[in-house]
Amino acid sequence: MTETKNNNGLKVLAALLGVVLLGTIIYTVSLYQDKKKTEKDLISEKELVVNDLNSLKSEYDKAILESNATNEELVSARDNIARYIDSVKTMKADISSLGRYRRQVGVLKAEREKLIKQVDSLTRSNTMIAMQRDSTYVELEKQTVFNDSLVVQNTSLAQAVERGSALNLSKINVDAVKERNSGKLSSTTRARSTDKFKICFTIADNVIAEAGDRKFYLEALDPQGNVIGKSMSMTNDNGASITFSKSTNFYFENKSLDICDYLNKPAGDFQKGQYMVNVYDDNLKLLGTSQFTLK
């Protein structure tokens, strides 16, 4: 009887041990499965953190490319994110580390928003400055064209005024004259009777010419083309020159003015033939010519 009870107790004990063993196995399997699931979740979370960081880095790369000038803050922030990516990839995933990096991702996103706003503001400012600069260049070009036009107009006006203010002859006449014993002069056409040339010309009125002392140059040429008289030379600022017989001075008051001057004969008599008298102004501009013949 006692032996039967002992056997029954052993059976019960074995059954209890079996149940405990089965429970232990089930618990162990459950723990293993939970560990695997946790590891899988941590890997997925780690990949999400890396993806977020890569997304941030791509946005910084785009912002740097779109920036007209290299922005050191953007480059520095992008390089920091690249280092974070390397750290997350090589770290052993655990809840604490992933939580810390997840929070850091939030900080980096906020920093990115701030920097992007700064870059956008700077870009808009640079665009505005470029537009203003281009507008200024356009206005300068317009002003340059306008100034060039004014220079041309002023030059043309100055030339017109210079031409308009130049004195001109309305009439020129040359007579060969003989001086009688009484001092009276009479015209002649004979070479041997001629004592001097009487050169008369009329200066036309000119209201825009400057009033004042003026000088004209008289050039008398004999039949051989030689200059009669003292044969003096004159050169203007442009390098033009003439050889003249004499000069005559007068005061011009903007009104028509008659002027006469005399040119005495050289040593000996005047020769027969055709003579020419030219009148030049003080700029050596030829104003008038008269020709006549002595017999």
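Values below: every heavy atom of this structure, side chains too, minus hydrogens, waters and symmetry copies.
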Participant: Quick one: closest heavy-atom pair of T188 and K178, and the distance?
Facilitator: CG2-N, 4.2 Å
Participant: For D282 versus R214, what's the shortest heavy-atom pair and its separation?
Facilitator: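 Distance-wise, the nearest heavy atoms are OD2-CD, 4.2 Å.
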Participant: Let me check something: do V177 and V277 share a hydrophobic cluster, defined by ILVMFWY side-chain heavy atoms less than 4.5 Å apart, either directly or through other members?
Facilitator: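 V177 does not cluster with V277.
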Participant: Which of parallel (below 30°), tilted (30 to 60°) and perpendicular (above 60°) describes F197 and F292?
Facilitator: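 Ring orientation, 0 to 90° scale: perpendicular.
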Participant: Do M276 and S290 have side-chain heavy atoms sitting under 4.5 Å apart?
Facilitator: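 Result no, sub-4.5 Å side-chain heavy-atom pair not found.
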Participant: How long is the gap from CD on Q274 to CG on D222, to the nearest 0.5 Å?
Facilitator: 11.5 Å
Participant: Minimum heavy-atom separation for D195 and E179, please, with both atom names.
Facilitator: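 Looks like OD2-N, 2.8 Å.
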Participant: With rounding to the nearest 0.5 Å, note down the distance linking SG in C260 to CG in N173.
Facilitator: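 Answer for the SG-CG pair, C260 versus N173, is 8.5 Å.
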Participant: Give a yes or no on this: more than 12 heavy atoms of other residues, nucleotides or ligands lie within 6.0 Å of atom CD of E141.
Facilitator: no
Participant: Can you find a pair of side-chain heavy atoms, one from V227 and one from L221, that are under 4.5 Å apart?
Facilitator: yes
Participant: Walk me through whether L294 and K272 qualify under side chain to side chain contact (heavy atoms under 4.5 Å, CB included).
Facilitator: CA-CA 5 Å; L294 295 180; K272 295 180 180 180; 5.7 Å; no
Participant: Do Y275 and Q291 have side-chain N/O donor and acceptor atoms under 3.5 Å apart?
Facilitator: no
Participant: If every non-hydrogen atom of M234 is compared with every non-hydrogen atom of L284, which pair is closest and at what distance?
Facilitator: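 Heavy-atom minimum between the residues: O-CD1, 3.5 Å.
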Participant: For a quick test of your reading: what N or O donor-acceptor pairs under 3.5 Å do the side chains of residues 241-253 make, sequence neighbours left out?
Facilitator:
residue	atom	partner	partner atom	Å
S245	OG	A220	N	3.0
S245	OG	I228	O	2.5
K246	NZ	D261	OD1	3.0
K246	NZ	Y262	O	3.0
T248	OG1	D261	OD2	3.3

Participant: State, yes or no, whether a side-chain contact exists between K171 and F201 at a heavy-atom distance under 4.5 Å.
Facilitator: no
Participant: Are any side-chain N or O atoms of N254 and backbone N or O atoms of A209, one a donor and one an acceptor, separated by less than 3.5 Å?
Facilitator: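 Pair found, side chain donor or acceptor close to backbone of A209.
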Participant: Would the number of heavy atoms belonging to other residues, nucleotides or ligands and lying under 6.0 Å from NZ of K196 be above 12?
Facilitator: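 Above 12, so yes.
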Participant: Assess whether side chain to side chain contact (heavy atoms under 4.5 Å, CB included) is satisfied between K285 and L167, documenting all intermediate values.
Facilitator: CA-CA 10 Å; K285 175 186 175 183; L167 300 184; over 6 Å; no
Participant: Indicate the atoms forming the closest heavy-atom contact of N283 with N236, along with that distance.
Facilitator: O-ND2, 3.2 Å
Participant: Please determine whether residues V279 and L286 belong to a single hydrophobic cluster, defined as Ile, Leu, Val, Met, Phe, Trp and Tyr linked transitively by side-chain heavy-atom distances below 4.5 Å.
Facilitator: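 In one cluster: no.
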Participant: Is the shortest side-chain heavy-atom distance between L257 and K255 below 4.5 Å?
Facilitator: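 No, too far: nothing below the 4.5 Å cut-off.
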Participant: For the residue pair I203 and S170, establish whether any side-chain heavy-atom pair is separated by less than 4.5 Å.
Facilitator: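 Side-chain contact under 4.5 Å: no.
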Participant: Between L263 and L185, is there shared hydrophobic-cluster membership here, with clusters defined by ILVMFWY side-chain heavy atoms closer than 4.5 Å?
Facilitator: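 No, it is not one cluster - the side chains of L263 and L185 are not joined through contacts under 4.5 Å.
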Participant: So do the side chains of L287 and N278 get within less than 4.5 Å of each other, counting heavy atoms only?
Facilitator: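 No, side chains not in contact.
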